[in-house]
Amino acid sequence: MAAGGVASSRIQRYAELAVRVGANVQPGQLVDVVARVEHAEVAREVARASYRAGAAYVDVYYSDQHIRRALIENAAEDVLSWTPPWLLKRAQDVGTEKAAVVALTGDAEPDLLADLPGERVGKARMLALAEESTRQINERLNNWVVIGVPNEGWAAQMFGEPDVERLWQLVERCVRLDEPDPVAAWQEHVRRIGGRARRLNDLQVDTLRFSGPGTDLTVGLLPESRWQGCESETSEGIPYVANMPTEEVFTTPDARRTEGVVRSTRPLALYGRIVRGLEVRFEAGRIAEVRADEGEDVIKGQLDTDDRAAYLGEVALVDGTSRIGQTGETFFETLFDENATCHVAYGAAYAEAVEGGLIDGVNVSTVHTDFMIGGPDVDVDATLRDGTVVPLLRNDVWQLD
């Protein structure tokens, strides 16, 4: 995309929103920008916006999927999950310095890894680096945000043609950049979703039940589980919005209390592969069986890297007012698709959604993979601690407003 004109103005506004509302970069703070090489134009603008916000220094870490492909094709098995010590030290320093983090996503070559063995694709992730990232999130060290960067490959995956302008318009709508005052729009959105979280906390939910075609899933919560809205807060009190877009209320379940079967209602983009027709069966909290029409081997390869990956770490509710859901599109990008409908995540839990943090029943893992399980055909009910059953979602309509 050429610099200048409408494109330049759009990217500048997007970067400003990510820096000032998403990560909420503070004066004098260090900023870590994580991007792929194809995201360079937006990464540069994020750096400029960060300096305008008063950042002391901005560093950008670029990755390249072609280098990852070479690793999966040629590296020894024991290297697939290895973390270079210098990269781990860099990540640890980001935590120690309590830097702001802006991560860019949006796969520019969605089919690049499609012909590789799924088990190796699923294992090709730096485990020590993932563990460090999870630690920093749970200790609430960083104010951070993830945003999507439109590109030709992503657009082609969605539309069958590289219509980047069409994708940009959708992204602008989803992140409220189409509003006259995006900051005010986000303030109102944070307030509304936060109200839902408070209402759910007042109910004192014990279990959630998802029921629909191919799905009969019960997710137990902890007495200490706390519902969260859009906005998070660091240990030093800096508010931030971790995902842009976000439409969910979420909490951390009791990892020991998930039972039943669930069918994913949307494709899942995972490590450069697409998983379709995913069906998962849980017993005593643990994934006991995985089946999929496509990409099953990637899921199994990922689960094999971590003893705790097969337990739930998150459950989230999203209704039909979601701007992402209203587009009617599948984005093939979890940042967007998980905010189109209800979802769960196997693997790591978020300690911020539990009073007391990493207590018994809160899952600790190097994996965190969301997959979508909601939609108009899926009902969601809550059983309260006193045994009362309360409907939460019917036909994608929130029942508590």
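Ion pairing between Arg198 and Asp202 fails under the 4.0 Å rule for side-chain N and carboxylate O. A salt bridge is absent between Glu352 and Arg226: the closest approach of a Lys/Arg side-chain nitrogen to an acidic carboxylate oxygen does not fall below 4.0 angstrom. A salt bridge does not link Arg394 with Asp319: every distance from a Lys NZ or Arg NE/NH1/NH2 to an Asp or Glu carboxylate oxygen is 4.0 Å or more. For Arg286 and Asp307, the salt-bridge test fails: no basic side-chain N is under 4.0 Å from an acidic carboxylate O. Salt-bridge formation is detected for the pair Asp178/Arg323: a Lys NZ or Arg NE/NH1/NH2 atom is positioned less than 4.0 Å from an Asp or Glu carboxylate oxygen. The pair Glu45-Arg52 counts as a salt bridge, with a side-chain nitrogen and a carboxylate oxygen less than 4.0 angstrom apart. Using a 4.0 Å cut-off between charged nitrogen and carboxylate oxygen, Asp107 and Arg36 count as a salt-bridge pair. A salt bridge is absent between Glu179 and Arg13; no separation between the charged side-chain nitrogens and carboxylate oxygens falls under 4.0 Å. Ionic pairing of Asp254 and Arg256 is present here: one or more N-O contacts between side-chain nitrogen and carboxylate oxygen are shorter than 4.0 angstrom. With respect to Asp370 and Arg266, no salt bridge is recorded, no charged nitrogen being found less than 4.0 Å from a carboxylate O. A salt bridge links Arg166 with Glu329: the closest approach of a Lys/Arg side-chain nitrogen to an acidic carboxylate oxygen falls below 4.0 angstrom.
Note that OG1 of Thr83 and CD of Glu132 are 10.0 Å apart. Values are rounded to the nearest 0.5 Å. Taking CG of Asp379 as the start and OG1 of Thr215 as the end, the distance is 11.0 Å to the nearest 0.5 Å.
Between the side chains of Tyr61 and Arg90, no donor N or O sits under 3.5 Å from an acceptor N or O. Side-chain contact, Gln26 with Asn24: a donor N or O sits under 3.5 Å from an acceptor N or O. For the residue pair Glu16/Gln12, the side-chain donor-acceptor check at 3.5 Å is not satisfied.
His368 and Tyr350 have tilted rings, their planes meeting at an angle from 30° to 60° on a 0 to 90° scale. Classification of the Phe336-Trp154 ring pair by plane angle, with boundaries at 30° and 60°, yields perpendicular.
Checking side-chain atoms of Ser225 against main-chain N and O of Leu222 turns up a donor-acceptor pair under 3.5 Å. Within the 3.5 Å criterion, the main-chain N or O of Thr207 finds no donor-acceptor partner in the side chain of Arg257. In terms of modelled atom types and a separation under 3.5 Å, the side chain of Asn151 and the main chain of Val149 share a donor-acceptor contact. Not a single donor-acceptor pair under 3.5 Å links the side chain of Ser133 to the backbone N or O of Leu129. A donor-acceptor pair under 3.5 Å is formed between the side chain of Ser322 and the backbone N or O of Asn339. Counting only distance, with no hydrogens or angles, the side chain of Asn363 and the backbone of Arg308 share a donor-acceptor pair below 3.5 Å. Judged by distance alone, with hydrogens and angles left aside, the side-chain atoms of Thr234 form no donor-acceptor pair with the main-chain N or O of Asn142 at under 3.5 Å. No donor-acceptor pair closer than 3.5 Å links the side chain of Asn395 to the backbone N or O of Val397.
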Using salt bridge (Lys or Arg N to Asp or Glu O under 4.0 Å), reason through Glu236 and Arg140 one step at a time and then give a plain yes or no. CA-CA 8 Å; Glu236 295 190 343; Arg140 298 162 51 216; over 6 Å; no
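The local environment of CD in Glu279 is crowded, with over 12 non-hydrogen atoms from other residues, nucleotides or ligands closer than 6.0 Å. No more than 12 heavy atoms of other residues, nucleotides or ligands sit less than 6.0 Å from atom CD of Glu131.
Evaluation of the ring-ring contact (aromatic ring centres under 6.0 Å, His included) rule for Trp186 yields His189 as partners, not counting sequence neighbours.
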